[in-house]
Amino acid sequence: MKQAEKEDYLQNYDLLKKRGKPFFPYAVLKDASMMLVVFVVVAVMAIVLGAEQGPKADPTTTTYVPRPEWYFFFLFEVLRVLKPPWLVPIATVGIPTVAIVLLLLLPFYDRNAERRPERRPIAMIAAVMSISAMAYLTFLGASAGTPTEIDQPAPPGTEAGLQVAAQSGCLACHKIGENGNDGPGPELTEIGDMLPRAAIARSLQVGPAIMPSYAELPPKKFDDLTAYLAALNGNE
Amino acid sequence: MPKLPVPAPLRRPSKPGEGGNGASSNGTEGGPGGGAMEQAKHGAAEGASGVAGWLDERSGATGFLTGMLFRKVPKGTNWFYTLGSATMFAFAIQAITGVFLAMYYTPSATQAYESITHLTNDVFLGEFVRGMHKWGASVMIILVFLHMGRTFFFGAYKYPRELNWVIGVVLLILTMVMGLTGYLLPFDQRSFWATVVANNITATGPVVGPYLADFLRAGPEFAATTISRFYAIHMLLVPGLIAALIGAHLYLVVKLGTTAPPWLKGEKPKSLRREEVG
Ligand code: HEM
């Protein structure tokens, strides 16, 4: 902004301010009504929706839904889009960092003196695109189920392992047959062809990248699970 | 404008020559003393009467408060301008309900879950307060984004309010951090596993990522130390930062004034035009 534009703005602002109304009681009244609305909304939600409590956290049990709060869905969904391991840091850190920096520095690179939305086409297009992207990703995250059943029949002798896999939240991040989400983790439908059982077991113990470690599963369940995964070779 | 019961020292000072501004009587029952003007004149000499007078003589607060309350907001200020104070109010709800939750919460791996169960099922209004805190968080997030959208579409981040935008972005991030750290505290399956994943996500960050994740986890396993670490961050560190930054944010709002809607053009009233020539 040039000096003249600054002075112009301040002068215009001064005039509008002179013709305005005092903060008290006019703005205060509006603010207070809005606060009342906020209070009523929160109180009604608290009464109607309550505050349920899930089963106690337990690293060794198997039923859980690894899901963030809804306002983090859009960040989590980026991980499904950028799935290959070498892209993961871009999704987890790169994109959010770039977004934050762009947001922080907005007043410093948008130096146009114009304030009317209809005369700031670039800013408006960028904003509408970001808002749509966030809304779309939030919607995807909200509609991504965390199924607890696997329809594809287990390879002979590994039914127990199928149960463990179905109920351990793997499907939140992996796809097995027709069930589960395609990402952030790779599809497991033919994992037995790609990795030997020992490597699968190692993956489960370490928890590669963002995957949690399953080292605390009871040994029996752990063995069932690896046997099942190792038998998944797409020949069914 | 309807007559409101404003304590006398806070009333708008009368314009010179207008006489008294309706400050009813002088300090009945130790109530606030006379009109602000008189007080300014006589306060120091006579010793102001009443509590408000006493406070004012020692703090000069009324000057500040009248300045705050009777500053003008520009023409055209509309309902979108209430989103900021609504956000602040949502933060206040979180702070107050949070204090009550803290009275019952035990930040340890063995007792966190049980203390929440106890709070939810046994404590008077426990579930209601917890519900308000839980849903208030979502409402606050929505309000922050709406408020940011308002300042963006109105071009309010431009000169001279750039600094307030920057403070706002930091507030936005801190609000998200509150959501993240609070999610672990009930310590049920969902919050546990979601936080494991969130922590793993942190660990994928370059250079500092793994260290930050280690620091948050506070040990090789997710356990008691993790909870108390998240708890301290969630109820001391971040809310303190947010409160301080809201203070700075509002200081700038009062100092610079809120924007007028961008499509309004100020017209000079006749009297002013003459003044300029003269
Ligand atoms: C905890 C969160 C926040 C609180 C409590 C808060 C509070 C407020 C309040 C009360 C105002 C007065 C005017 C109005 O209500 O519109 C204001 C103005 C402003 N806020 Fe915020 N705010 C928060 C977050 C943000 C964020 C995330 C941004 C943007 C990134 C932001 C940018 C601004 C700007 C630029 C103004 C000046 C607007 C004007 O003069 O018209 N604030 N804020």
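A note on names: the letters A, B, ... follow the listed sequences, proteins ahead of strands, and every chain is numbered from 1.
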Where does [X] contact chain B at under 4.5 Å (heavy atoms): side chain, backbone, both or neither?
X	result
A:A123	both
A:S213	backbone
A:N112	both
A:L10	side chain
A:Y9	side chain

Just wondering, more than 12 heavy atoms not from B:E114 lying within 6.0 Å of its CD?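 Yes, CD of B:E114 has more than 12 neighbouring heavy atoms, counting only those of other groups under 6.0 Å.
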
Quick one about B:R217 and B:T226 (side-chain donor to acceptor, distance below 3.5 Å, no hydrogens or angles considered), yes or no?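 No, no side-chain donor-acceptor pair sits under 3.5 Å.
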
Interface moiety of [X] toward chain A, non-hydrogen atoms closer than 4.5 Å:
X	answer
B:S85	both
B:V197	both
B:A109	backbone
B:T202	neither
B:T195	neither
B:I141	side chain
B:L83	side chain
B:M148	side chain

In terms of the angle between their ring planes, are B:F187 and B:F192 parallel, tilted or perpendicular, with boundaries placed at 30° and 60°?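 Perpendicular: the ring planes of B:F187 and B:F192 meet at over 60°.
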
Looking only at heavy atoms, the pair that brings A:R115 and B:T259 closest together is NH1-CG2, 4.5 Å

Got a sec, which pairs hit ring-ring contact (aromatic ring centres under 6.0 Å, His included) with one end in residues 73-113 of chain A, sequence neighbours left out?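 Matches after skipping sequence neighbours: none remain.
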
By the salt bridge (charged side-chain N to carboxylate O under 4.0 Å, His left out) test, which pairs, at least two apart or in different chains, include something from residues 90-100 of chain A? none

Is the terminal nitrogen or CZ of B:R150 (NZ for Lys, CZ for Arg) located under 6.0 angstrom from the six-membered ring centre of B:F80 and within 45° of that ring's axis? no

Presence of salt bridge, A:E114 and A:R119, under 4.0 angstrom: yes

